[in-house]
Amino acid sequence: MELELKTQLLYPIDQTLLGVMILIIMFGMGASLTVDDFKAVARRSRGVLIGFLSQFGVMPLVALSLALLLDLSPGFAIALILIGCLPGGTTSNMFTYFARGSVALSISMTTASTIVALFMMPILLSLYTQGFTQQITDMMIAADTGTEFVIPTLNIITSLVLVLVPVAMGMTLRRFSPGWAKTAEDTAGFMAIIVILFLLGTLFVRHGDILVRTPWQLYVGTIGVGLIGFFFGYWMSRLFGVQPLFQRAISLETGIQNGPVSFAIILLSFSEPIQSQMIWVAILYSAFIVMTSSFITLWMRKRGRFDYEVYRNTLVHNRLFGENYVTGYPAGFLPARIAHDPSQGSSPSQIR
Amino acid sequence: MESRIIASNLADLYKKAADKYETLPAFATRKTALEWNPVSFRELFEMGQDLAAGLIEIGVDAREHVGLFSDNRLEWMLAEYGIQLSGAVNVPRGRDVTDDELVYIINHAGIRVAFVENSELQKKILRLRPDLPGLQEIILLDEKTKPAEGVRPLKEITAIGAWQRKKGDKSVEERMNQIRPDDLFTLIYTSGTTGRPKGVMLTHSNMMSQMSVIPIDLSCTDRVLSILPIWHIFERVFEVYTICCGSCTYYTSPRTLGEDLKNVEPTFMGSAPRLWESLHQRILENVRAAHPVRRALFHIAYFLGHYYKESIFFLNNNHLQIKRYPFWKRLFFTPFHLLRLLILVPWYGFFNVAVLETIRQSAGGNLKATVSGGGALPMEIDKFFNYIGIPVLEGYGLTETSPVLAARTHEILVTGTVGPPVPDTEIRIVDIESGKILYPDPEHPHNGRGLRGEIWAKGPQVMKGYYREPEITRSVLNDGWFRTGDLGMITFNDCIKILGRSKSTIVLSNGENLEPEPLEMQLRQSRYIDNCMLVGQDQKYVGALIVPKLDAFREENIPAESLKDLSDDVRAKKIIRQEIKNLMTATSGVKQFEQIREFRLLSEPFRIGDELTNLFKLKRHVVEKKYERTIRDIFLPKEVKTRS
């Protein structure tokens, strides 16, 4: 199950392009954040904690299990686990908005996980990839190309810090010119799609049959990691008794990882023979996650419609008629799942 | 979740709404931007019963006509409740009622008891009192105004009623039980665009039929923003409909609309085309002011929205079909549109999320759909809102049809039409000259679809007649068929397309006929033109009276203090001439003889109440009279003009 490539997967030009894209996207991410978002994390600690649990607890395990179950080769496996350990990206905020989830929680989780990832990622990565690094070391010794393969922990931390620089710059822009920041945010999203499509395009031109030669296990892995993430995020938060609005946010935040960060880490910290393989995994994941989360979002949007309308109505009533106004829906109008939810109509809203 | 109430009359509906929705807010009035007063269905009904008992006590009979002169406000609804629950008939008219209209309506309808809104109206009605021999009681709605002598505050009547009910008086319940479906619930005087006001008699069963056919799903979680005059039937039916569904109506005003859209986050809104025009303008102004990257993003998004939605319309058979759309053509184009849709979906998806959503935010962000009525919505604006993802459900109707005859639904959303007829409603297209039925008639190809003529309608919503005007009633109402006076056709996907008012048709001296409305609508698209009216009856060519937009000219560095300065400005005239040339092209469907050859810039705007009806429709005869000399000047031979 090896993916043989005749030439290098990414040419220097592609790598530069990818680098620029990462810069722009992370800048755009920063432009969507304010210092208040960080402060808000403390206020939403419960939701953020549950999200934290599913992002750094469940997701890496899901990735590891998939890698083991599908018997992926070490390069692919490490990349998949890397994706499992990533912090959340800004795209999850956008999807959450359309899935009628709590955007505020989504932003808080993105913010918190990006910071926490600084030390969580290296720990998780070296913990879960032990078996696979040994395999690579064996291979390298056998081929006489090296002596030992280790996860470049320090490099990963450096890459993460580097990635945070444009984020900080974006936040500065937001601080001084919200109008420009909004433009930067939109442009970044647009650029990301263009670059991903461009990369896919050039890959097809150079390695026309790469899609055919990619083992099916890899497809299952890259699609599955996101989907299973959504699933666990949703059910875990449900088990914790979180309200539907937060369930949707946590679910999407768990499944959608910050793809650009993985590119940055792979390019800066890893080298051949596994770099090309890892990049391919990251590209596949980034492409598939847009599609799967679109479908999940549509499904959630439809499913959550009624709850959301009730929630929105309560919010407006509290905004206009006073904090203590209680909307008295007719008996039987609210289904059992939200009838006694404090935020959904029977008492003033607790969430802002 | 839909929860429409089924009732036999309005009073019954109000009672059932109170029983079903109890403490839910029915109406909300604004105190400050973030402070509103809700009134629940139960409260409203209780207060309404008190008022009804009070009205009965001061001598209001069942089926008596009660005047209600006021604009939108909670007390209007309260007065309406009181009038309906006492079995009487509501005769409403807005704050801007003129002296002549007030006298005419009160005397013609035989009004003994009238509600007036505020001090201004109180003064007016007292001044006219000598001309109103039949008027006995005046009730003042506004609490802050001090009632003049002989005028009773609303509170007093309510207090009388409350006292009566406390003593065990059951007259309200008796009155409610006596209401028959065929009884009037309102008498609406339409100034229309021509002639003296006519009292349209609408019955409880008219109103109840509307409740069951309105093709919009509302529920207890919906918020409806109200801006149109309540005495107009379009808004009125809508507010009754929100009561029927348990939704809450929030009263806003043009001044606070922008703010209220943000704070109320309406899920639904009904308004006249003029509001959509100004919202459209505002969005475009914002785009123009945004910096180039955002502008480019908007244009890409709009482009994608355009082609995406057009393909969706095509695949759902919801594109405008004035001519028969052959089967082979459909077969040929379907794969094309499917392919286009497939290519556009991811791009549209992204731009819809990133760009179009922010634009929808400026309309509150939660609008499920909007209704436009009370006039024709320009095609451009119609499409604009549909493309950016705010479905516009345009409807069609008249006061005489209480009002909805046809409306687009989410499933049948054909832009450029007013949708299919609502259930239980029959539509005919009748040739104006011969009086022959064109549609439905199997003699004609395709049963008469695509032929233009006057629209006739028959159904449970058609009025009983004009009050004390049997002659006029007979001229429009025959065997249940109501002649709308509107020109239209049935499209090949069975929607109604409106083509203008048959009565406003301009006939040029060469015998060519033209409908001024669509052309005027086209002209109003210009950012330089505020309003306009085409003239040219019996003349050789078409002329136009144009009210320019002062701000737009100031942006062009034309220093004009007022419209008066502008009216003689050579540069302004040049700009307008160019605008007309740009807008009235053959490609946009303007025929040679419809071209405007001469125009005059007016030094005053058209005002509501004078040249415009409350729904911004032109009162052509008023304009023609006021600008008689200007119009004559337009058509003077050239040499005479140079000499003078």
Side-chain angles (χ1 to χ4, degrees), chain A residues 28 32 90-91 93-100 177 179-180 182-194 196-197 287 290-291 293-295 297-298 305-323 325-335 344-345, chain B residues 1 3 17 19-25 28-42 219-223 246-248 250 260 262-267 289-298 300-301 345-347 349-355 357-358 361 364-366 368:
Chain A
S32 70
T90 30
T91 31
N93 307 349
M94 205 162 76
F95 281 110
T96 303
Y97 175 85
F98 278 87
R100 301 192 160 116
S177 167
W180 275 93
K182 182 79 191 101
T183 310
E185 202 187 321
D186 290 353
T187 319
F190 183 52
M191 289 293 289
I193 295 195
I194 296 275
I196 284 276
L197 281 179
V290 176
M291 294 178 220
S293 35
S294 296
F295 284 113
T297 298
L298 283 178
R305 185 183 171 140
F306 180 78
D307 294 5
Y308 182 79
E309 280 172 9
V310 174
Y311 162 73
R312 223 52 228 179
N313 201 37
T314 308
L315 207 70
V316 172
H317 283 178
N318 284 134
R319 178 192 300 157
L320 301 179
F321 305 155
E323 294 281 312
Y325 183 84
V326 177
T327 310
Y329 292 104
F333 180 75
L334 295 180
Q344 305 272 357
Chain B
M1 183 182 284
S3 49
D19 290 343
K20 183 167 182 189
Y21 305 124
E22 290 286 351
T23 60
L24 270 180
T29 44
R30 179 189 153 114
K31 277 207 292 196
T32 66
L34 288 172
E35 202 185 331
W36 293 58
N37 275 346
V39 171
S40 74
F41 288 94
R42 174 57 65 193
S219 83
C220 303
T221 55
D222 281 297
R223 297 174 299 281
S247 318
C248 184
Y250 296 76
D260 295 344
K262 273 199 201 80
N263 292 332
V264 175
E265 300 182 19
T267 56
H291 74 87
V293 181
R294 287 204 73 74
R295 214 182 312 159
L297 286 175
F298 170 78
I300 298 172
V345 156
W347 302 97
F350 172 74
F351 278 94
N352 181 33
V353 168
V355 184
E357 181 66 14
T358 38
Q361 289 287 345
N366 272 319
K368 289 184 206 161

Kindly indicate, with the supporting measurements, whether the criterion side chain to side chain contact (heavy atoms under 4.5 Å, CB included) is fulfilled by B:Arg223 and A:Asn313. CA-CA 8 Å; B:Arg223 297 174 299 281; A:Asn313 201 37; 2.9 Å; yes

Give, for atom CZ of A:Phe95 and atom CG of A:Leu298, the distance between the pair rounded to the nearest 0.5 Å. 9.5 Å

Is [X] in contact with chain B via its backbone, its side chain, both, or neither, using a 4.5 Å heavy-atom distance?
X	result
A:Tyr97	side chain
A:Arg312	both
A:Phe321	both

Side chain, backbone, both or neither: which part of [X] has a heavy atom under 4.5 Å from chain A?
X	answer
B:Leu24	both
B:Ala296	neither
B:Thr358	side chain

Do the side chains of B:Asp19 and B:Arg42 get nearer than 4.5 Å, heavy atoms only? yes

What pair of heavy atoms forms the shortest contact from [X] to [Y], and how long is it?
X	Y	value
B:Asp260	B:Trp36	OD1-CZ2, 3.6 Å
A:His317	B:Pro25	CE1-CG, 3.5 Å
B:Ser247	B:Phe41	O-CZ, 3.7 Å

Specify which of B:Glu22, B:Lys31, B:Glu265 makes the most heavy-atom pairs with chain A at under 4.5 Å.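 Most heavy-atom pairs under 4.5 Å with chain A: B:Glu265.
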
